[in-house]
Amino acid sequence: MSDPTTAASVSAELYRRACRVMPGGVSSPVRAYRSVGGTPPFLAAGRGCRVRDEDGNEYLDFINSWGPLILGHAHPAVVEAVQQAAARGTSFGAPCRAETELAEKVVELSPVAERVRFVNSGTEATMSALRLARAATGRDGFVKFDGCYHGHGDPFLVKAGSGLATFGESSSAGVPADCARWTGVLPLDDEEALAAWFAAHGGETAAVFVEGIPANCGFLPQRPEWLARLRELTRAHGALLVVDEVITGFRLGPGGFCGREHYQADLVTYGKVIGGGLPVGAYGGRAELMDRISPEGGVYQAGTLSGNPLCMAAGLAALSVLEREDGWSRLGALGSAWEERLRPLVERECAAGHPVALARDASIFWLCFGTEEAPRSFAAIPAAGAERYRRFFHALLRRGVMIAPSAYEVGFLSLAMDEDDLDQAAAAFAAALEESR
Ligand SMILES: *Cc1c(COP(=O)(O)O)cnc(C)c1O
């Protein structure tokens, strides 16, 4: 074993090699550890709630591949389903039984999807849902919220423009201004901003995209009144409400956020958990909307590997385990047990003058440094908290606990964890909180 962050480690050598052939050495930017410093451990294996790096260090994993691994790593039922499917052929580019079975399961569990289309990622799901919403309404503009993430499609890589109720500016190089100008970006938790937007642009707004519980910029549970107002205004102005459940879908419960909260979306997007750890995204809605998609209707959307039997088998296996083993209520209980351990630690920090807030719902949690009150909008997150997060992150990693290498990413519990794992993690959190003050 050697420290994976020292230059002499196997991970560091692999990272140097990776950097010669991949931008930043990674396939997705946050993995490069830029916001916490140091270089990333390269993971060699995972089992249950633990992962092992190339240097032989073990970590208790709260990342869980950023959400998909709700059962933990290499769950036997998923591994077996994938092995059996792989032996029969990984992809045919033709309809297959597993695809219909997963679609039936999604339609059964989702309160929104009467029909579903499978894609390969959450990004594709939101891009396609936007195209469908534009087609269905004959409008080009749409709205997203500051602090929500909907993948890296051009129209979503947009930040608020100058002035209230104006369309936005691109937040990534390479996104044409002409594309960004159809995206309106509003603050979360703000009824007045919603009203101002619809007063000015209601008639040109195809859709509003929202995460039922925003979980990509910290964890920002919204007030029910705000969510209700959003539903009311979209309906009044003929705009579709698209609830992006890529994180919350099949995690908060069988029906995701919309099912649990009885929130009425027009379209819903899924990803992460739905693929059981393999790349799957999906979007769904009422039949009359979904039947606008090709070949039934004129909205083109396709995929060489979409709905392949390998990924469908993994998704089906994961959802079956969750259903069969009462997974969602067990995860809810595990979440409460975790909060019971974290809450006193957070209170101790606050009392000592090092404020930190805890936000938690079911198996998702987030610590926000620099404030005692859990924020509900991006603007309410203290930017200075990221500095302490760096220290906290490394203090935890040294103690064998892996959380996301960014202050703005949430943690996920998995069904592979038990109360002993939580005790072990809580001891590490307690020590790392104290050390990082
Ligand atoms: C992760 C995520 C996406 C993007 O999904 P990818 O599979 O990474 O493309 C979209 N929306 C939300 C809410 C997400 O959390």
Side-chain angles (χ1 to χ4, degrees), residues 26-32 62-70 110 112-113 116-133 142-158 171-172 183 185 188 207-222 227 230 241-252 256-258 261 263 265 267-284 301 303 305-308 311-312 314-315 318 359 361-366 378 404-406 408-412:
V26 291
S27 301
S28 196
V30 72
R31 298 178 196 173
F62 285 105
I63 304 178
N64 283 298
S65 192
W66 307 88
L69 300 184
I70 195 167
S110 167
V112 186
V116 63
R117 169 63 62 88
F118 291 115
V119 290
N120 304 290
S121 65
T123 292
E124 271 186 81
T126 55
M127 280 167 46
S128 309
L130 175 58
R131 185 179 304 137
L132 174 57
F142 81 101
V143 170
K144 59 169 279 229
F145 295 98
D146 201 14
C148 286
Y149 177 68
H150 304 291
H152 64 89
D154 278 4
F156 297 100
L157 297 182
V158 175
S171 62
S172 163
T183 309
V185 183
L188 289 161
V208 176
F209 278 68
V210 69
E211 294 179 74
I213 307 182
N216 275 287
C217 190
F219 195 52
L220 309 172
Q222 295 301 296
L227 285 159
L230 176 58
L241 182 53
V242 186
V243 179
D244 184 351
E245 296 233 39
V246 169
I247 283 188
T248 50
F250 310 105
R251 177 169 282 277
L252 293 185
F257 175 82
C258 289
E261 303 301 323
Y263 196 58
L267 291 171
V268 65
T269 52
Y270 296 117
K272 300 196 170 114
V273 171
I274 197 179
L278 269 67
V280 179
Y283 61 109
Q301 190 271 302
L305 292 166
S306 294
N308 71 74
C311 293
M312 298 293 105
D361 190 331
S363 54
I364 308 174
F365 71 97
W366 181 53
F378 175 62
S406 158
Y408 296 93
E409 301 284 352
V410 298
F412 295 102

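Being a predicted model, the structure only gives us computed values, none of them experimental. Counting starts at 1 for both ligands and their atoms, in listed order.
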> Is there a donor-acceptor pair under 3.5 Å between the side chain of N308 and the backbone N or O of C311?
Replying inline: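 Flag set: sc N308 to bb C311 pair under 3.5 Å.
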>> Among V242, V243, I247, exactly one meets side chain to side chain contact (heavy atoms under 4.5 Å, CB included) together with E245. Which residue is that?
In response: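 Per the side chain to side chain contact (heavy atoms under 4.5 Å, CB included) rule, the option paired with E245 is V243, out of V242, V243, I247.
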>> Measuring centre to centre across the rings, with the benzene-like ring taken for any Trp, is Y270 within less than 6.0 Å of F250?
In response: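 They qualify: ring centres under 6.0 Å apart.
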> What pair of heavy atoms forms the shortest contact from G151 to T123, and how long is it?
Replying inline: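 The pair with the smallest heavy-atom distance is CA-OG1, 3.3 Å.
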> For ligand 1, what is the set of protein residues having any non-hydrogen atom at a distance below 4.0 Å?
Replying inline: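 Shell around ligand 1 (4.0 Å, heavy atoms): S121, G122, T123, Y149, H150, G151, E211, N216, D244, V246, I247, K272.
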> Among all residues two or more places apart in sequence or in another chain, which pass the ring pair (Phe, Tyr, Trp, His ring centres under 6.0 Å) test with F209?
Replying inline: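 Only F142, H150, F156 meet the ring pair (Phe, Tyr, Trp, His ring centres under 6.0 Å) criterion with F209.
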>> Quick one, R131 with Q301, criterion side-chain hydrogen bond (donor to acceptor under 3.5 Å, both in side chains). Give me CA distance, side-chain angles, the key distance, then yes/no.
In response: CA-CA 9 Å; R131 185 179 304 137; Q301 190 271 302; over 6 Å; no
